[in-house]
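Owing to the predicted nature of the structure, the values given are computational and were not obtained by experimental measurement.
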Amino acid sequence: MLTINLIREKRDFIIERLKIKNFEAGEILDRIIAIDTERRDIQTRTDQMQGEMNRISKEIGSMMKDGKKNEADAAKEKTYKLKEEIKNLSDKLIPLDNELRNEIIKLPNLPHESVAPGHGADDNVKVREGGQITVLPDSAVPHWELIKKYDIIDFDLGIKLTGAGFPVYKGKGARLERALINFFLDEGGKAGYREVMPPIMVNEDSGFGTGQLPDKEGQMYHAGLDNFYLIPTAEVPVTNIYRDVILSAGELPLKNVAYTPCFRREAGSWGAHVRGLNRLHQFDKVEIVQIAHPDHSYECLEEMVSHVESLIMKLGLPYRILRLCGGDMSFTSALTYDFEVWSGAQKKWLEVSSTSNFESFQSNRMKCRFKEKGDKQTKLVHTLNGSALALPRIVAAILENNQTETGIKVPEVLVPYTGFDIIN
RNA sequence: GGAGAGAUGGCAGAGCGGUCGAAUGCGGCGGUCUCGAAAACCGUUGUUCGCCUUCCGGCGAACCGGGGGUUCGAAUCCCCCUCUCUCCGCCA
């Protein structure tokens, strides 16, 4: 959520920046500015009247004490009309506040100056790539055949238990999944992230704080009886740890890493291109989240990018890093790097991490602020997060790229975690 | 699920219709003392919005879990909601 101050002061700048995201902001901004002007006018007037009212009430108090009942009654007479005027005016204030907020939350975050214009995936900018593109023999098969062959992930059983997109990991498949989670968590710990285990259901306030609500309501599973949402990513609970909190500059950046299952309804996005592990309703992910000082948040972002990159390198997977163009970025992000790994048998790139700086977009929703030492005023922190990493496509890539005649070779770094070096 | 009690500033905890943004203690910050530290002593100490101020700041409004009501006036009285605690029940 953009701050009202920025909107008041930099209307034209916002319009320019949002063009990069192919968003026409002019009309909304003008509406916001008009509502805001009216709101301030009304508040100024009600504040004045309320002050007058408070003064008279105090006078009545001391008159009563002094036994001047007649004077007090006369003063009461004066308040009746004033009270009514205040009510008439202040009744307008709440609807105006709501209206204002409803308009402001329609505005996406401003893209960072390094973000290229563009409309979709084709316009993303390749930052760098690493690893060797895997060349597999013609006999190589995609992961959905490998998991059947070795009986390590069972989609049909998941359909029986729940529905499509809820796989059951079995035997070495389950072990591999757990090994990856532990490996990612341990690597996060080594990089200075505190491990947390948050709830995987959140309330409405948390959903709003990170920007899932009201926008992506339909993309989350909702437990209606209690009004809880199953998290689509650990970003939601972990970032909301700092909702309504005032930090001191000295404690920044705060770094947390969390493993959670993630739940996504993925309404309307199924098709032939999302076979097997490519898209699921429930999947595992380790997420890193940073709460950063605004002056240093882009250094934090670079550090997170290096961390994610190191994970992929250690797993020995070919990868590339993309800086998303304006049209492909999320509503909430200021700058996003996507990480993709090469899936040898499908012969395509699979997105395994999205690492972003949200600047103050989430913190303004969450009211997460900090104070500089000796400073009275509060400022908004910057929030960042990244997948480090999302499991299913990593598993898909490992299975496909590492397949051999005799079985699937487990990446060396994972062997201490799995307890085996081949799936056969 | 049943019965009862409660929710006040960073924490603990008073206040139960007017002078209460709120006593007191602890903590935090600044200072005195000290070679330095501790102790002691002194001072200071929330957030949001609006108006004025080119800085420093000043003035006003609101906030005592959330929402509504009574009243000239509400932390204090009434209603609803949420949450917490205690006992009972159930239970990994």
Any residue meeting side chain to side chain donor-acceptor pair (under 3.5 Å) with A:D123, in chain and number order, not counting sequence neighbours: none
Residue pairs involving residues 95-114 of chain A (criterion ring-ring contact (aromatic ring centres under 6.0 Å, His included); sequence neighbours excluded): A:H112-A:Y298
Show the distances under 3.5 angstrom between N or O atoms of the protein and N or O atoms of nucleotides 79-85 of chain B.
none

B:rA14 versus B:rU8 - spacing of their C1' atoms, nearest Å: 10 Å
Residue closer to the 5' end of RNA chain B, A:I246 versus A:M53 (nearest nucleotide): A:I246
Rounded P spacing from B:rC80 to B:rC85 in Å: 23 Å
Pairs touching residues 407-424 of chain A that satisfy side-chain hydrogen bond (donor to acceptor under 3.5 Å, both in side chains), sequence neighbours left out: A:D186-A:Y417
Non-neighbouring partners of A:R40 that pass side chain to side chain donor-acceptor pair (under 3.5 Å), sequence neighbours left out: A:D36
Set of salt bridge (Lys or Arg N to Asp or Glu O under 4.0 Å) partners for A:D47, sequence neighbours left out: none
Nearest-Å distance once atom P is located in both B:rG73 and B:rA61: 15 Å
ring-ring contact (aromatic ring centres under 6.0 Å, His included) pairs, two or more places apart, involving residues 200-255 of chain A: A:H222-A:Y229
P gap between B:rA92 and B:rU84, integer Å: 22 Å
4.5 Å side-chain heavy-atom contact, A:V341 and A:N401: no
Sugar-phosphate only, base, or nothing, as touched by A:I60 at under 4.0 Å among non-hydrogen atoms: base
Involving RNA chain B, stems made of at least three consecutive Watson-Crick or G-U pairs, both distances under 3.5 Å: B:1-7 with B:82-88, B:10-12 with B:24-26, B:27-32 with B:40-45, B:46-52 with B:57-63, B:65-69 with B:77-81
Base-contact (B) and sugar-phosphate-only (S) positions in nucleotides 49-62 of chain B, heavy-atom cut-off under 4.0 Å, - elsewhere: BSS--------BSS
Contacts of A:S90 that satisfy side-chain contact (heavy atoms from CB on, under 4.5 Å) - sequence neighbours left out: A:T46, A:I86
Any residue meeting side-chain contact (heavy atoms from CB on, under 4.5 Å) with A:R11, in chain and number order, not counting sequence neighbours: A:I15, A:L29, A:D30, A:I33
Sequence neighbours excluded - salt bridge (Lys or Arg N to Asp or Glu O under 4.0 Å) pairs with any residue from residues 283-292 of chain A: A:K285-A:E287
Separation of the C1' atoms in B:rA7 and B:rG15, to the nearest angstrom: 15 Å
Touch class at under 4.0 angstrom, heavy-atom based, for A:K371 against every strand present: sugar-phosphate
Pairwise P distance for B:rU76 and B:rC16, with rounding to whole Å: 12 Å
Same-atom distance (P) from B:rA12 to B:rG30, integer angstrom: 25 Å
Whole-Å gap separating C1' (B:rG69) and NZ (A:K83): 11 Å
Close side-chain approach of A:L213 and A:M220, heavy atoms under 4.5 Å: yes
Sugar-phosphate, base or nothing in reach of A:T378, heavy atoms under 4.0 Å: sugar-phosphate
Sugar-phosphate only, base, or nothing, as touched by A:S57 at under 4.0 Å among non-hydrogen atoms: base
